Visitor: 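Before I ask anything, here is the structure I am working with.
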Amino acid sequence: MSDLSYVRTEMLEQKAPPASSVGLVGWLRANLFSSVGNSILTVVTLFFLLSLLASMMPWIFLGIWNADSLSHCREIFAERYGDSTEYACWAVVRDRWDQIIFGYSFGNLNEGLYWRPLVGLALIILALLPILYPNVPRVLYVATAASLFLYPWLIWGGSIWGPLTIALCIIAGVFIYRFASRFMIMAFAMPVAIVGTALLIYFAMAPVAGALGSAVPIELQSVPSREISGFVLSITIGIVAIVASLPIAVLLALGRQSDLFIVNKLSTGFIEIIRGVPLITLIFVATVLMKYFLPSSVDLDPVLAVMVLVTLFTAAYIAEVIRGGLAALPKGQYEAADALGLTYWQAQRLIILPQALKISIPGIVSNFISVFKDTTLVSIVALNDPLGISDSIRSDSDWNGIVWELYGFIAIVFWLFCFSMSRYSLWLERQLQTGHR
């Protein structure tokens, strides 16, 4: 009987995967048509989407961009299509885009001031780059520090020596902290430095800035806070709230978990009071009612009051998100920090907070997106956000009756900012991912 055994001496070449499991067909099969129920849902959804797009696309793409008024748009529609059908009158965006973006102070009333918010926005982007992306050159931290003082000067105008004097006072506060930390613990050195900086700003800023301004006058045309409007106002409030609320939220979250009774109760009380009141109520109180409790000599800046309240409101919500991240850490992380002999602040900076903040990224960014959209609530106190600008445009006889074009353009701009933040959040989560799926 012959031996029929066989031993293979070479490897078979790898075969290509089935055409139905790769490429576009594979993706469709895996994501849209993986089962009968999924296929039915996909077909029904596509039907409604196509029906919606079939009615929206002509209105959007057959619209008019060159017209002087809404009535002019209607005349063009009647001449072009010969019936009563109306499409989008995008001419209002083309005619008033500068008011929506820059407001009245930097808009078509003062076209020469366009450069100020544009330079300010570019400076903010440069300032955020080293914070958001760790691989960019460290020299951009100079832009980060400079933007804190130059952006307000570009928006509000006035003498440049006011912001620069504040910067010098803050630098002096850093030296006060370093000097005080040699003789007392950090918990007391920090309040001493903060109080010292505040006293320097209160007593020294005005005379020093006035003297420097008299010697070397460098100033921009002043813009009253009430005249700052459009997306410049929304972006300014949003940036201040986002940047300033995060460190405050970290301190509140740590304070709420502190074993010190007073620190714990003060942090808890602040968070619960702020979170228990609607933002629109706080804005109304800050700008309308607060002036009744202040001396008549105090001129309350409405935009500054709104920025402070929105920042505190955002910080209270983010503090709870961060506290959730702190609570999610295993107890062993705290014990490991103690075993290494780290102090409380060293443990928080090196071990606890980096992990807690990584866990909290989705919730933090979600709150940032919400607060940027909530900047439209300032219209309740007569500040002209983009929606307030749209109301004033619609009250003009030329554009009276137009609605969807203005709101659609404003919605697209808001969406671009919010979508960018959400995509950055996803990118950051991927960069910080250390586990295995």
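The model shown is predicted, which means the values in this text are computed figures rather than measured ones. Just so you know, these numbers use all the heavy atoms, side chains as well, and skip hydrogens, waters and symmetry mates.
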Visitor: Could you measure the distance from the CD1 atom of I364 to the OG1 atom of T314? Nearest 0.5 Å is fine.
Guide: 12.0 Å

Visitor: Which distance, rounded to the nearest 0.5 Å, do you find between the CG of L353 and the OG of S360?
Guide: 9.5 Å

Visitor: Do F372 and I239 come within less than 4.5 Å of each other through their side chains, counting heavy atoms only?
Guide: no

Visitor: Should the ring pair Y317 and F313 be called parallel, tilted or perpendicular, given that the plane angle runs from 0 to 90° and is split at 30 and 60?
Guide: tilted

Visitor: Going by distance alone, is a donor N or O of one side chain under 3.5 Å from an acceptor N or O of the other, for T236 and Y151?
Guide: yes

Visitor: Apply salt bridge (Lys or Arg N to Asp or Glu O under 4.0 Å) to the pair R256 and E272, showing each step before the final yes or no.
Guide: CA-CA 11 Å; R256 187 158 189 174; E272 296 301 331; 2.9 Å; yes

Visitor: State the CD1-CG distance between I171 and L200, to the nearest 0.5 angstrom.
Guide: 12.0 Å

Visitor: Can you check whether Y87 and F61 have ring centres sitting under 6.0 Å from each other?
Guide: no

Visitor: Is any side-chain heavy atom of F149 closer than 4.5 Å to one of I160?
Guide: no

Visitor: Please examine the side chains of I369 and F417, heavy atoms only from C-beta on, and report whether any two atoms are closer than 4.5 Å.
Guide: no

Visitor: Determine whether more than 12 heavy atoms belonging to other residues, nucleotides or ligands lie under 6.0 Å from atom CG of L50.
Guide: yes

Visitor: What is the distance from atom OG of S225 to atom CD1 of I228, rounded to the nearest 0.5 Å?
Guide: 5.0 Å

Visitor: Give the ring-plane orientation class for W59 versus W90, where under 30° counts as parallel, over 60° as perpendicular and anything between as tilted.
Guide: perpendicular

Visitor: Kindly determine whether L233 and N384 satisfy side-chain contact (heavy atoms from CB on, under 4.5 Å), including the steps that lead there.
Guide: CA-CA 8 Å; L233 177 63; N384 283 320; 5.8 Å; no

Visitor: Is any side-chain heavy atom of R423 closer than 4.5 Å to one of S420?
Guide: no

Visitor: Give a yes or no on this: more than 12 heavy atoms of other residues, nucleotides or ligands lie within 6.0 Å of atom CZ of R226.
Guide: yes

Visitor: Calculate, to the nearest 0.5 Å, the distance between atoms CD and CG belonging to E405 and L70 respectively.
Guide: 7.5 Å

Visitor: Within this structure, what is the CG-CG distance for the pair D398 and D396, rounded to the nearest 0.5 Å?
Guide: 4.5 Å

Visitor: Do W427 and Y424 have ring centres separated by under 6.0 Å?
Guide: yes

Visitor: Closest approach of L326 and A356, non-hydrogen atoms and distance?
Guide: CD2-CB, 3.5 Å

Visitor: Do the ring planes of W97 and F102 sit parallel (below 30°), tilted (30 to 60°) or perpendicular (above 60°)?
Guide: perpendicular

Visitor: Go through the steps for V413 and F409 under the test side-chain contact (heavy atoms from CB on, under 4.5 Å), then give the verdict.
Guide: CA-CA 6 Å; V413 177; F409 175 72; 4.2 Å; yes

